Amino acid sequence: MIDFSLSWLPFVVIAVANFAVSWLYYSPAVPWFKTWQVGIGVDPKKKGMTEADRKAMPRLMGGAVVASLLLSYGLQVVVHSIRATSFGTGALVGLVAWLAFVVTHSLNTQFEGRKPVVLLINNCLYALTYVVFGGVVAIWR
């Protein structure tokens with residue numbers, strides 16, 4: 001039976017943590033930032049945001065918030081439905097979800113011209129978040 005129940009505190013904490021980790025992961029503070037910029041077609045020497053960048057920011061941040069909320073809820077549904085109760089089992093559920101849904105979708109984005117290094121950088125973050133947060137959901141009901 002699919003368990004659509006929601007545990008509010010883990011839901012909010014994981015959504016906020018996912019947003020924060022993602023923000024840090026794609027910040028100039030990480031060593032792969034320039035490689036990622038080149039991979040998505042942005043000049044790494046570019047300083048500041050253009051007017052178009054500023055106008056797009058609400059949509060981009062809004063999308064990131066929605067994605068974090070959906071990840072948090074989706075992991076709860078899957079982990080609780082499988083009745084994972086240990087960190088290891090929840091992490092395994094997160095790993096399978098990442099492999100089955102995120103990796104397959106990411107591989108299909110190659111038709112958009114994404115470079116393999118971008119897929120690698122992106123999927124390292126996704127693997128980390130799905131596995132760790134899946135484990136957390138399992139032990140924090």
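These numbers come from the heavy atoms of this one structure, side chains and all, not from hydrogens, waters or symmetry mates. Predicted model, so just to flag it, every value in this text is computed and none were measured.
Here the CZ atom belonging to F4 is positioned 12.5 Å from the CG atom belonging to L6, to the nearest 0.5 angstrom. If you take CG on L119 and OG on S106, they are separated by 6.0 Å, rounding to the nearest 0.5 Å. Atom OH of Y26 is separated from atom CD1 of I121 by 8.0 Å, given to the nearest 0.5 angstrom. To the nearest 0.5 Å, atom OG of residue S72 and atom CH2 of residue W8 are 10.0 Å apart. Rounded to the nearest 0.5 Å, atoms CG (L120) and NZ (K115) are 14.5 Å apart. Atom CG of L125 sits about 4.5 Å away from atom OG of S22, to the nearest 0.5 Å.
At a threshold of 4.5 Å between side-chain heavy atoms, the hydrophobic network of Ile, Leu, Val, Met, Phe, Trp and Tyr places V77 and V137 in two separate groups. Residues V118 and V42 are members of one and the same hydrophobic cluster, defined by side-chain heavy-atom contacts under 4.5 angstrom among Ile, Leu, Val, Met, Phe, Trp and Tyr. W140 and I82 fall within the same hydrophobic cluster, defined by Ile, Leu, Val, Met, Phe, Trp and Tyr side-chain heavy atoms under 4.5 Å apart, directly or through other members. In the hydrophobic clustering of this structure, L99 groups with Y126; members are Ile, Leu, Val, Met, Phe, Trp, Tyr whose side-chain heavy atoms approach within less than 4.5 Å, directly or through other members. The cluster map of Ile, Leu, Val, Met, Phe, Trp and Tyr, joined by side-chain heavy atoms under 4.5 Å apart, puts F33 and F19 in different clusters.
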- Message: One pair to check against side chain to side chain contact (heavy atoms under 4.5 Å, CB included): W98 and N123. What are the steps and the verdict?
- Response: CA-CA 9 Å; W98 170 72; N123 274 287; 3.2 Å; yes
- Begin with the C-alpha distance, continue with both residues' side-chain angles, and end with the deciding distance and a verdict on side chain to side chain contact (heavy atoms under 4.5 Å, CB included) for V38 and K34. CA-CA 6 Å; V38 170; K34 288 188 189 309; 5.6 Å; no
- Message: Show, in sequence, the C-alpha distance, side-chain angles and deciding distance for C124 and W32, and conclude whether the side chain to side chain contact (heavy atoms under 4.5 Å, CB included) test is met.
- Response: CA-CA 11 Å; C124 285; W32 54 84; over 6 Å; no
- Please lay out, stage by stage, how L71 and Y130 fare under the test side chain to side chain contact (heavy atoms under 4.5 Å, CB included). CA-CA 8 Å; L71 170 67; Y130 274 67; 3.4 Å; yes
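Without hydrogens or angle criteria, S27 side chain to L24 main chain gives a donor-acceptor distance under 3.5 Å. Counting only distance, with no hydrogens or angles, the side chain of T129 and the backbone of N18 share no donor-acceptor pair below 3.5 Å. Put simply, the side chain of T50 gets close to the backbone of D53: a donor and an acceptor are under 3.5 Å apart. With hydrogens and angles disregarded, a donor-acceptor distance shorter than 3.5 Å links the side chain of Q76 to the backbone of S7.
With sequence neighbours left out, R54 forms a salt bridge (Lys or Arg N to Asp or Glu O under 4.0 Å) with E51.
The two atoms that bring A100 and T104 nearest to each other are O-OG1, 2.8 Å, heavy atoms only. The minimum heavy-atom distance linking M1 with R83 is given by the pair O-NH1, 4.2 Å. Scanning all heavy atoms of the two residues, the minimum distance from S86 to I139 falls at C-CG2, 3.8 Å. Here the closest non-hydrogen pair linking V117 and G39 is CG1-CA, 4.4 Å. The nearest pair of heavy atoms linking G90 to A138 is CA-CB, 3.7 Å. S68 and A15 make their closest contact through CB-O, 3.4 Å (heavy atoms, listed as atom of the first residue, atom of the second, distance).
The aromatic rings of Y73 and F11 stand perpendicular to each other, their planes meeting at an angle above 60°, with 30° marking the opposite boundary.
Few gaps surround CG on L60; more than 12 heavy atoms of other groups in view lie less than 6.0 Å from it.
When the options V13, V79, L75 are evaluated for a side chain to side chain contact (heavy atoms under 4.5 Å, CB included) with F133, the one that passes is L75.
Side-chain contact between M61 and V65: absent, with no pair of heavy atoms (C-beta onward) separated by less than 4.5 Å. Under the 4.5 Å side-chain criterion, counting only non-hydrogen atoms from C-beta, H80 is not in contact with I2.
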